[in-house]
J.: 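Just dropping this structure here.
Hydrogens, waters and symmetry mates play no part in the numbers below; they use all other heavy atoms, side chains included. For the single chain, residues carry numbers from 1 onward in sequence order.
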Amino acid sequence: MSRLLVPCHVKGAVALQVGDVRTFQGRPGVLVIDVTFPSAEPFELQEITFKNYYTAFLTIRVRQHTSAHTPAKWVTCLRDYCLMSDPHSEDGAQEYVSLFKHQMLCDMARVLELRLILRQPSPLWLSFTVEELQIYQQGPKSPSMTFPKWLSHPGPCEQPALLLEGLPDPSRVSSEVQQMWALTEMIRASHTSTRIGRFDIFLLPPGKAGDFRS
């Protein structure tokens with residue numbers, strides 16, 4: 001399925017302080033990034049891609065257009081998606097990620113704005129974010145190709161009749177081969193290893209009785 005890149009404006013991350021802000025133990029463990037689409041109409045989101053940078057968990061909220069008489073509302077479409085298997089290790093810390101609309105918790109139609117909520121509970125990393133963020137919508141569908149009816153739905157027996165004339169019936173051939181195989185097995189089972197002794201054949205003139213001596 002084709003996709004189209006949606007031009008967007010990624011605002012600067014806003015840090016939410018975790019812990020006591022009056023001490024050095026307090027650190028920003030949550031970042032909020034808003035994504036707007038100034039030049040795009042409400043669209044159906046197809047895919048989100050980005051490169052992770054030490055973000056452990058991702059939550060995405062989307063603002064959707066409802067109707068002309070109802071204000072747009074925010075809904076959560078992805079909740080605490082794990083980007084690092086262990087926040088204290090580097091597994092997945094800098095990997096490329098693709099998220100598709102079928103992974104979302106809600107319908108991704110009529111999108112007006114996105115909000116990414118990044119969390120990193122580990123104190124080991126000085127900073128975290130997501131980079132190279134790109135938003136895609138569904139592109140135009142490929143034109144369907146039409147085929148002739150005879151090619152799309154071939155009949156069961158479309159070989160010329162001349163090619164079938166003179167050929168034996170397949171079921172009859174199969175049955176006869178099975179019988180020949182059974183007779184061969186019977187002969188092989190009853191075969192004796194006794195040697196036949198030497199014998200002579202005497203040819204007599206026609207009309208006279210003959211005998212055979214072994």
Side-chain angles (χ1 to χ4, degrees), residues 1-67 70-142:
M1 182 179 295
S2 62
R3 62 178 188 173
L4 292 176
L5 181 65
V6 182
C8 63
H9 174 66
V10 181
K11 297 182 179 180
V14 177
L16 302 182
Q17 198 74 21
V18 175
D20 190 354
V21 297
R22 295 171 299 179
T23 66
F24 292 103
Q25 295 180 353
R27 56 175 299 274
V30 180
L31 295 180
V32 178
I33 300 176
D34 284 337
V35 183
T36 59
F37 309 94
S39 59
E41 297 293 330
F43 65 95
E44 181 176 359
L45 189 146
Q46 180 74 22
E47 183 181 357
I48 301 174
T49 65
F50 59 87
K51 181 183 180 182
N52 186 30
Y53 186 80
Y54 293 93
T55 297
F57 302 98
L58 171 65
T59 295
I60 301 178
R61 289 176 59 81
V62 58
R63 190 167 71 92
Q64 294 176 307
H65 175 74
T66 53
S67 66
T70 306
K73 62 178 181 178
W74 286 94
V75 294
T76 300
C77 59
L78 191 69
R79 189 186 304 275
D80 291 333
Y81 185 82
C82 183
L83 298 176
M84 298 173 61
S85 57
D86 181 5
H88 304 289
S89 66
E90 294 197 9
D91 292 340
Q94 300 187 57
E95 290 187 353
Y96 284 91
V97 179
S98 292
L99 299 173
F100 300 90
K101 68 175 184 179
H102 68 266
Q103 298 175 263
M104 304 302 175
L105 302 175
C106 64
D107 183 20
M108 299 303 293
R110 306 178 305 278
V111 172
L112 295 173
E113 188 176 351
L114 289 179
R115 176 167 293 166
L116 310 182
I117 304 173
L118 320 179
R119 291 198 302 114
Q120 176 51 271
S122 175
L124 297 179
W125 320 117
L126 297 179
S127 61
F128 60 96
T129 187
V130 293
E131 303 172 338
E132 304 177 27
L133 179 66
Q134 293 183 323
I135 311 297
Y136 295 92
Q137 65 177 333
Q138 181 176 335
K141 296 182 179 180
S142 302

J.: Can the ring centres of F43 and F37 be said to be less than 6.0 Å apart?
T.: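 That pair passes the under 6.0 Å test.
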J.: Looking at side-chain heavy atoms only, is the closest gap between K73 and R63 below 4.5 Å?
T.: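 The answer is no; the side chains never approach within 4.5 Å.
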J.: Run the salt bridge (Lys or Arg N to Asp or Glu O under 4.0 Å) check on R110 and E44 step by step: do they pass?
T.: CA-CA 6 Å; R110 306 178 305 278; E44 181 176 359; over 6 Å; no
J.: Working to the nearest 0.5 Å, report the span between CZ of F50 and CD of E132.
T.: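 Output value for this atom pair is 11.5 Å.
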J.: Could you check whether any side-chain N or O of T59 sits under 3.5 Å from a backbone N or O of D80, counting only pairs where one atom can act as donor and the other as acceptor?
T.: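 Yes; judged by distance alone, with no hydrogens or angles, the pair exists.
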J.: Give, for atom CE of M108 and atom CD of E47, the distance between the pair rounded to the nearest 0.5 Å.
T.: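 Here the interatomic distance stands at 12.0 Å.
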J.: Does some side-chain heavy atom of L118 sit less than 4.5 Å from a side-chain heavy atom of F128?
T.: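 Yes, at least one pair of side-chain atoms sits under 4.5 Å.
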J.: How close do C82 and F57 get, counting heavy atoms only, and between which atoms?
T.: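 Result for this residue pair: CA-CD2, 4.0 Å.
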J.: State the SG-CZ distance between C77 and R115, to the nearest 0.5 angstrom.
T.: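 Result: 12.0 Å between the selected atoms.
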J.: Given side chains that start at C-beta, do those of Q94 and Y54 come closer than 4.5 Å, heavy atoms only?
T.: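 The answer is yes, as the side chains (C-beta and beyond) meet within the 4.5 Å cut-off.
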J.: Kindly compute the distance separating CD (Q137) from CD (Q46), expressed to the nearest 0.5 Å.
T.: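 Reported to 0.5 Å precision, the distance equals 9.5 Å.
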J.: Work out which heavy atom in A72 is nearest to a heavy atom in L112; give both atom names and the distance.
T.: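 Closest approach of A72 to L112: CB-CD1, 3.7 Å.
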J.: Could you tell me if the side chain of D34 sits less than 4.5 Å from the side chain of E113, heavy atoms only?
T.: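 SC-SC contact between E113 and D34 confirmed.
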J.: Does E90 reach the side chain of W125, with side-chain heavy atoms less than 4.5 Å apart?
T.: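 Answer yes - side chains close enough.
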J.: Looking at E95 and N52, would you say the former's side chain and the latter's main chain have a donor-acceptor pair under 3.5 Å?
T.: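 Absent.
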J.: Contact between L133 and L116 at the side-chain level, heavy atoms closer than 4.5 Å - yes or no?
T.: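 They are in contact (side-chain heavy atoms under 4.5 Å apart), so the answer is yes.
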J.: So do V62 and C106 actually touch side chain to side chain, heavy atoms under 4.5 Å?
T.: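 With C-beta onward as the side chain, the pair touches.
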J.: Can you tell if the side chain of K11 reaches within under 4.5 Å of the side chain of H9, non-hydrogen atoms only?
T.: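 Touching, per the 4.5 Å side-chain cut-off.
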J.: Going by distance alone, is a donor N or O of one side chain under 3.5 Å from an acceptor N or O of the other, for R61 and T76?
T.: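 Checked: R61/T76 side chains pair up, N/O donor to acceptor below 3.5 Å.
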J.: As an exercise, state the distance from CG of L5 to CZ of R3, rounded to the nearest 0.5 Å.
T.: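 Result: 8.5 Å between the selected atoms.
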J.: Give a yes or no on whether the backbone of L114 and the side-chain of W74 come within a donor-acceptor separation of less than 3.5 Å.
T.: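 Pair absent, no side-chain N/O of W74 close to backbone of L114.
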J.: Whether the side chain of T55 engages the backbone of T129 through a donor-acceptor N/O pair (distance < 3.5 Å, no angle test) should be reported.
T.: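 Here the side-chain-to-backbone pair exists.
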J.: Applying side chain to side chain contact (heavy atoms under 4.5 Å, CB included) to L58 and I117, what does each step give before you reach the verdict?
T.: CA-CA 6 Å; L58 171 65; I117 304 173; 6.0 Å; no
J.: Minimum heavy-atom separation for T66 to P71, with atom names?
T.: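 The answer is OG1-O, 3.5 Å.
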J.: Do S89 side-chain atoms and D86 backbone N/O form a donor-acceptor pair below 3.5 Å?
T.: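 Yes; at least one donor-acceptor contact below 3.5 Å.
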J.: Rounded to the nearest 0.5 Å, what's the gap from OG1 on T49 to CG on L99? Could you check?
T.: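 Answer rounded to 0.5 Å: 9.0 Å.
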J.: Do H88 and S122 have side-chain atoms, one donor and one acceptor, less than 3.5 Å apart?
T.: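 Short answer, yes.
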